[in-house]
> 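Take a look at the following structure, please.
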Amino acid sequence: MYTEKKAKTQVNTNVNETVHTENISLNRQVYQRLKLALSLGLRRQILFAICDDLHLRNRIAARLHSTLAYPVGKVLYQRANSGDFSTPAYPRLVTLRLNVSDPNPIAQINQWLANYPPPLMGKSTDNPVRPLPIPAFQIVGVEMLTKEPVAVQRLFLNYLRLGEQHLSGDESSRFLESSLLFWVSHPWLSAIQQSALKFWHYRTGVFVFAGEPTPTIENRDYSEVLADSRSLDRENLDHLFVNEEKISPDIQQINKPDLPLTATTALVTEIPEIPEIPAVQSSQITNNQSFLSLSHINQELQKLIQATINADDGDQIQQMLWEIEQLHIQKTTGEELATAYQNLGNFYRLQIEQGQPTIENLMIAILAYQEAVSHDESSPQLPDILNDLGTLYWMLHRIPDNSEEAKIYIQQGIDFYKLALKLITGDTHTETYTRIQNNLGTAYGDLARFADAVENWNWAIVAYDEALRYRKEEIEPLKYAACQNNLGTAYWHLGQYNQPVEHLKKAIAAYKLAIVHYQPADEPLKYGMIQNNIGTAYWNLSQYEQPKENLQLAIQVYNEALKYRTSFDVPQAYASTQNNLGIAYWHLVNQPQITKEDQQKLIKLCIHAYEEAVNIAHSLISVSLNFDLYVTHNNLGLAHHDLVTDVSFDGDKKTLSQHLEAALENHLHALSGFDRQTENYQTTINYIINTIRSFHNKLGIQGQNLALSKLPGQLLPDVLPKL
């Protein structure tokens, strides 16, 4: 039995960070156990999920549905004894909203099964005909009964008592062949325990989620699906860059390359053109065409649409839904139904492409396309639809905070891409095949961030190489170049794990094949981005062989990139490349072949690059950087310090003092960004102490007093004892 203890209620938990964190951790554990219970496919399970927070309940229920309803590879598969591709796309989890006018969950389940009986599969001696398993059902909306008359509430409890007969009888009703999950609040849990005691005793699992109760007054109008959904455009694109790592105690590692050329557009814009959907006049829609009359359309799909519909497109969407409903009633061909569902999916895909990639829009498009697949498994457009499904799941992975959930979405996207590739070859469907292979490579690259990095980057390389077999540069030069850039980045990442010299050289070769197709005058930003990637690869290569030569090449390429990555057009990218350039100069300074005179010149160039990076970074508001600004301040401080403490420095005392003051100022700025308990904080304190000593050594006690006067008072106890 799956049972969770009830979480203790805390007063003012919304301001108690510790309690809030504990609740999140507990809820994640409970969710994983609930998901496991449903995914096991056991028969005759009665599960109860207890949650007083409707916002939380809706998120979890939607997550369960998106994860378990269509487990790719189980419901979409290649027949063992036939070359035909079978795509029943029959759900493994169905979400039903309790009908408050007749709250009989058993009748609702049986009605759903009557409308959507499990399809029969298998046609050979070795593979006899058999129906697919009956899905599990999750029932939401029980809390809505609170606003209904007492008689209706009693009717619901009476229906549960009638269900006791099925549980105790020799023959079970059809729905008990699988699992049944009830979502209820604590008050309704108590009512069930008291008034349907025997039904409660037949439970096989109880899962309690901690959360603050949602006021009853909100229940009536509250959307059943993801009310707090976020758009992708609110996310930063940190995943397109690589996390910073130290390369020495003093200097932060260079930024990793920009990942696929606009990863989002590389996927979305390659989806085939959307068939034109005829305009619909509002007068065509009658009162009988409302959501209430759509009994043949997936209820989860209806609720998602109802939650997002607006006045601008409401008539058109309702017309499409009404036409789908009529096709169901008329028992028309699967091809016609598939086309109608595909048009619905295309409509929402267009919303996504136009900048509205919300969870709801993504899920509506996914469900609509899956319905299209289920009604016409022989459609010539099936590979394109499966590619779209892969891309939609790929986009979905960028929304959740939970890395485990994000990984599941990426894997689902990969499975759909693979299913599409089973249907076609590069020789017969060249354009679609190369598009899907490129998308598959990008998805593997994202999956590498979560698990099995080496394996997944290797698979990404295989996919990009396969795409490049058929993507001819003379026919599609820009798509060819984008794929080469992606291949270069995959090799770059693989070089961080093994065979660095070999993989970095392959990365550079791929980047160079890409950049020849971008003219700076026509594509300045993409040209600059790939130049930055080449510079990064040369910088990495300098750590393994020919350091002076490769650093000089990196500097040359970074300077070329900065001609097009300007502070005006792309300030964030400009700051990133300037930071990279500063690091490259710093490392070149420390090469043994560099003369003292050249060292002074290179440090000044290093200082200039770092200053450009930090000045632009500080001018940006609410923009995420792909380098650690506080580490860059430390690096700039070190450069100022080393310039004037080197024996070859020949400036006057005023210039010397200015550089030491700049060093101290930058270290103090860096210190403000580090937590006191971290290694970075302690390292920066040591830099500050070393700078104050240099003040004393170069400018005497007067210089030391000048340095101490610039320290905040709270730092003196940390600094004075160590001088």
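None of these values were measured; they are calculated from a predicted model. Numbers for residues simply follow the sequence, beginning at 1.
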> Is a donor on one side and an acceptor on the other found under 3.5 Å between the side chain of Q591 and the backbone of P547?
no
> Are the ring centres of H669 and H618 closer than 6.0 Å?
yes
> Quickly, which of N486, L487, N438 forms a side-chain contact (heavy atoms from CB on, under 4.5 Å) with L468? Name it, please.
L487
> Is the shortest side-chain heavy-atom distance between W394 and N439 below 4.5 Å?
no
> Tell me whether Y610 contacts the main-chain N or O of G637 through its side chain, where contact means a donor paired with an acceptor under 3.5 Å.
no
> Verify, without hydrogens or angle tests, whether N458 (side chain) and V454 (backbone) share a donor-acceptor contact under 3.5 angstrom.
yes
> Are L706 and L699 packed together at the side-chain level, in the sense that at least one heavy-atom pair is separated by less than 4.5 angstrom?
no
> Kindly compute the distance separating CD1 (I534) from CE (M529), expressed to the nearest 0.5 Å.
10.0 Å
> Return yes when atom CG of D650 has more than 12 non-hydrogen atoms of other residues, nucleotides or ligands closer than 6.0 Å, and no otherwise.
no
> Cut-off 3.5 Å, side chains only: do N680 and T678 have a donor facing an acceptor?
no
> Would you kindly say whether N635 and W586 are connected by a side-chain donor-acceptor distance under 3.5 Å?
no
> With distance as the sole test, does S657 use its side chain to make a donor-acceptor pair with the main-chain N or O of K653 at under 3.5 Å?
no
> Within the distance-only criterion (no hydrogens, no angle test), does the side chain of N361 pair as donor or acceptor with the backbone N or O of P357 below 3.5 angstrom?
no
> With under 30° as parallel and over 60° as perpendicular, where do the rings of H517 and Y480 fit, or are they tilted in between?
perpendicular
> Just by distance, no angles: are the side chains of N634 and H667 close enough, under 3.5 Å, to form a donor-acceptor pair?
yes
> Where the side chain of T489 meets the backbone of N485, is there a donor-acceptor pair that is under 3.5 Å apart?
yes
> Does a side-chain N-to-carboxylate-O contact under 4.0 Å join R449 and D446?
yes
> Which residue pairs pass the salt bridge (charged side-chain N to carboxylate O under 4.0 Å, His left out) test with at least one member in residues 534-563, sequence neighbours excluded?
K505-E545, E560-K563
> Indicate yes or no: at least one non-hydrogen side-chain atom of Y417 is less than 4.5 angstrom from one of T391.
yes
> What pairs meet the salt bridge (charged side-chain N to carboxylate O under 4.0 Å, His left out) rule with one or both residues in residues 660-669, with sequence neighbours excluded?
E661-K710
> Distance alone, cut at 3.5 Å: any donor-acceptor contact between the side chains of S542 and H587?
no
> I'd like to know if the side chain of T566 pairs up with that of D569 as donor and acceptor (distance under 3.5 Å, no hydrogens or angles considered).
yes
> Can you classify the ring geometry of H493 versus W457 as parallel (below 30°), tilted (30 to 60°) or perpendicular (above 60°)?
parallel
> Do the side chain of N666 and the main chain of A662 share a donor and acceptor less than 3.5 angstrom apart?
yes
> Between the side chains of T655 and D652, does any donor sit under 3.5 Å from an acceptor?
yes
> We want to know whether Y558 and Q578 form a side-chain donor-acceptor pair, criterion being a heavy-atom distance below 3.5 angstrom.
no
> Give the ring-plane orientation class for Y393 versus F416, where under 30° counts as parallel, over 60° as perpendicular and anything between as tilted.
parallel
> Between the side chains of T684 and Y630, is a donor N or O closer than 3.5 angstrom to an acceptor N or O?
no
> Just by modelled atom types, is the Y574 backbone N or O under 3.5 Å from a matching donor or acceptor in the T577 side chain?
no
> Do other residues, nucleotides or ligands put more than 12 heavy atoms under 6.0 Å from the CD atom of Q593?
yes
> Inspect the contact between K506 and E502 and indicate whether a charged nitrogen and a carboxylate oxygen are less than 4.0 angstrom apart.
yes
> Do any N or O atoms from the side chain of T434 and from the backbone of E431 form a donor-acceptor pair under 3.5 angstrom?
yes
> Check whether Y527 reaches the backbone of V516 with its side chain - one donor and one acceptor, N or O, closer than 3.5 Å.
no
